[in-house]
2 protein chains.
Amino acid sequence: MVDHDERREQLSAAVWQVVSEQGLDGLTLRAVADAADCTTGRVAHYFRDKNALLTHARDVMHRRMTARIDALGAFDDPREHLRAVLREGVPLDEERRLNSTVWAHFLMAARTDPVLLAEHVVRHESWIRRLTALLRDAYGVPPDDLELRARNLVALLEGLALCGVATPELYPPDLLVRAVDNHLDLLLGAKK
Amino acid sequence: MVDHDERREQLSAAVWQVVSEQGLDGLTLRAVADAADCTTGRVAHYFRDKNALLTHARDVMHRRMTARIDALGAFDDPREHLRAVLREGVPLDEERRLNSTVWAHFLMAARTDPVLLAEHVVRHESWIRRLTALLRDAYGVPPDDLELRARNLVALLEGLALCGVATPELYPPDLLVRAVDNHLDLLLGAKK
DNA sequence: GCCGTTACGTAACGCGCGTTACGCTACCAA
DNA sequence: TTGGTAGCGTAACGCGCGTTACGTAACGGC
């Protein structure tokens, strides 16, 4: 008896790998099977069809991302808390680059897929709410345009993620960190 | 005798339309022919293969984008000049939304296509240089981290473009303008 | 008025895709 | 030992794709 959930997570990991290496165009069941070092028979055995495989892969990835943010724990300084959360949204290592890459591909696919679009909207808004709250905590007295600032913060993060995904050598981790810190200084005033 | 260049531009416009509506996956020669209201025979007649069609479509789109920025003309206030240029990078109307959409799709495709990647890098860097120069003009005395600020400005723009492309109804033109202005105020100090 | 050339439309080819049916092997209960 | 089932591998099917070959109508120089 094999562990079905574990097998499914293995296949989902293969999906991420293929999407990262070949894009959504290159994501064929045969490519997934190759990446998972098995045949398409196994894939077909664990997922009804291609769509079910993709949905599972998306869900697992999203769960891991939120889990990583939740696992950050407590911070004394609200500003450091915000900073730590922001770092999770930007491709600082291989895992987060994989996350950002897959996210970007699914985002573009969402333009022509109502299901993907609905998921994106929910997560985007929730992301903005989270950052708005963190930003509010980081300010002594929150400015009137707090939500707009949070929205811009998200946009900056997505833009940086895109840069890091498209050209990792031009946007190494230290540059991304400096970019985030620079914006934070602009928002909250230079760190003492 | 028909005007070859005009025909090619018509077909390129059909490419943009299909990419915008169906993504790069949906970009088939038959779909392009449908959008151009002709048969695949005509497409095959004017372009050696699909790749030539795509290259031409990218080139024409890029030429139009740079032409639009160059056509902005002279400004008395450097800050207003910068602001006007920034507005061109964000999907404020249907044409610019089309531009941003196609740009984003090709950017994701660049991850697995060396030719597209090389083009992207060149244009990205030139974009950063242009904004660095404009930003320098807008400052009385440029700060030390001028280039990093310009880089963040580009990232913000790309992030906002992505938001406007994915969810136009959540990011209407006036919100995008306010977002850009907000960041500009943060960078240069609130407008008098 | 004829004839080559331009400007396509039409249709077929091979390929890779997702899907599905089928077959085999290992394992576990009886 | 034997029957059944879980866990796959293999192979074939139809479809849509890019490409290409071929047909043909209109046009323009002689």
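Lettering follows sequence order; numbering is per chain, from 1. Note: hydrogens, waters and symmetry copies are ignored here, and every other heavy atom, side chains too, is used.
With a 4.5 Å cut-off between side-chain heavy atoms of Ile, Leu, Val, Met, Phe, Trp and Tyr, the cluster of B:V15 takes in B:V2, B:L11, B:W16, B:V18, B:V19, B:L24, B:L27, B:L29, B:V32, B:V43, B:Y46, B:F47, B:L53, B:L54, B:V60, B:M61, B:M65, B:L98, B:V102, B:F106, B:L116.
At a threshold of 4.0 Å, the pair A:R79-A:D185 counts as salt-bridged, since one of the basic side-chain nitrogens sits closer than that to a carboxylate oxygen. A:R68 and A:E95 are joined by a salt bridge, as a carboxylate oxygen and a charged side-chain nitrogen come within less than 4.0 angstrom of each other. Between A:E88 and A:R83 there is no salt bridge, since none of the side-chain N atoms of the basic residue sits less than 4.0 Å from a carboxylate O of the acidic one.
A distance of 10.5 Å separates CD in B:E21 from OG1 in B:T101, rounded to the nearest 0.5 Å.
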Report each atom pair, protein N/O against N/O of nucleotides 16-19 of chain D, whose distance is under 3.5 angstrom.
{"from": "D:dG18", "atom 1": "OP1", "to": "B:K50", "atom 2": "NZ", "distance (Å)": "2.7"}
{"from": "D:dG18", "atom 1": "OP2", "to": "B:L29", "atom 2": "N", "distance (Å)": "2.9"}
{"from": "D:dG18", "atom 1": "N7", "to": "B:R30", "atom 2": "NH1", "distance (Å)": "2.9"}
{"from": "D:dG18", "atom 1": "O6", "to": "B:R30", "atom 2": "NH2", "distance (Å)": "3.2"}
{"from": "D:dT19", "atom 1": "OP2", "to": "B:K50", "atom 2": "N", "distance (Å)": "2.9"}

Just the table, please: protein N/O against nucleotides 1-8 of chain C N/O, every pair under 3.5 Å.
{"from": "C:dA7", "atom 1": "OP1", "to": "B:V2", "atom 2": "N", "distance (Å)": "3.3"}
{"from": "C:dA7", "atom 1": "OP2", "to": "B:H4", "atom 2": "NE2", "distance (Å)": "2.9"}
{"from": "C:dC8", "atom 1": "OP1", "to": "B:R42", "atom 2": "NE", "distance (Å)": "3.4"}
{"from": "C:dC8", "atom 1": "OP1", "to": "B:R42", "atom 2": "NH2", "distance (Å)": "3.2"}
{"from": "C:dC8", "atom 1": "OP2", "to": "B:R7", "atom 2": "NE", "distance (Å)": "3.0"}
{"from": "C:dC8", "atom 1": "OP2", "to": "B:Y46", "atom 2": "OH", "distance (Å)": "2.4"}

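The closest side-chain heavy-atom distance from A:R64 to A:E9 is below 4.5 Å.
Comparing the start and finish of the helix from C:dG1-D:dC30 to C:dC27-D:dG4, five pairs each, the helix axis swings through 20°, to the nearest 10 degrees.
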Which donor-acceptor pairs under 3.5 Å do the side chains of residues 127-140 of chain A make with protein atoms, sequence neighbours left out?
{"from": "A:R130", "atom 1": "NH2", "to": "A:D70", "atom 2": "OD1", "distance (Å)": "3.4"}
{"from": "A:T132", "atom 1": "OG1", "to": "A:I128", "atom 2": "O", "distance (Å)": "2.7"}
{"from": "A:Y139", "atom 1": "OH", "to": "A:R149", "atom 2": "NH1", "distance (Å)": "2.6"}
{"from": "A:Y139", "atom 1": "OH", "to": "A:L187", "atom 2": "O", "distance (Å)": "3.0"}

What side-chain donor-acceptor pairs closer than 3.5 Å can you find for residues 170-180 of chain B, not counting sequence neighbours?
{"from": "B:Y171", "atom 1": "OH", "to": "A:H124", "atom 2": "NE2", "distance (Å)": "2.6"}
{"from": "B:Y171", "atom 1": "OH", "to": "A:R151", "atom 2": "NH1", "distance (Å)": "3.3"}

Determine, stepwise, if the pair B:R58 / B:H62 fulfils side-chain contact (heavy atoms from CB on, under 4.5 Å).
CA-CA 6 Å; B:R58 288 199 320 268; B:H62 181 242; over 6 Å; no
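Closest of all the heavy-atom pairs between B:V165 and B:P91 is N-CG, 4.4 Å.
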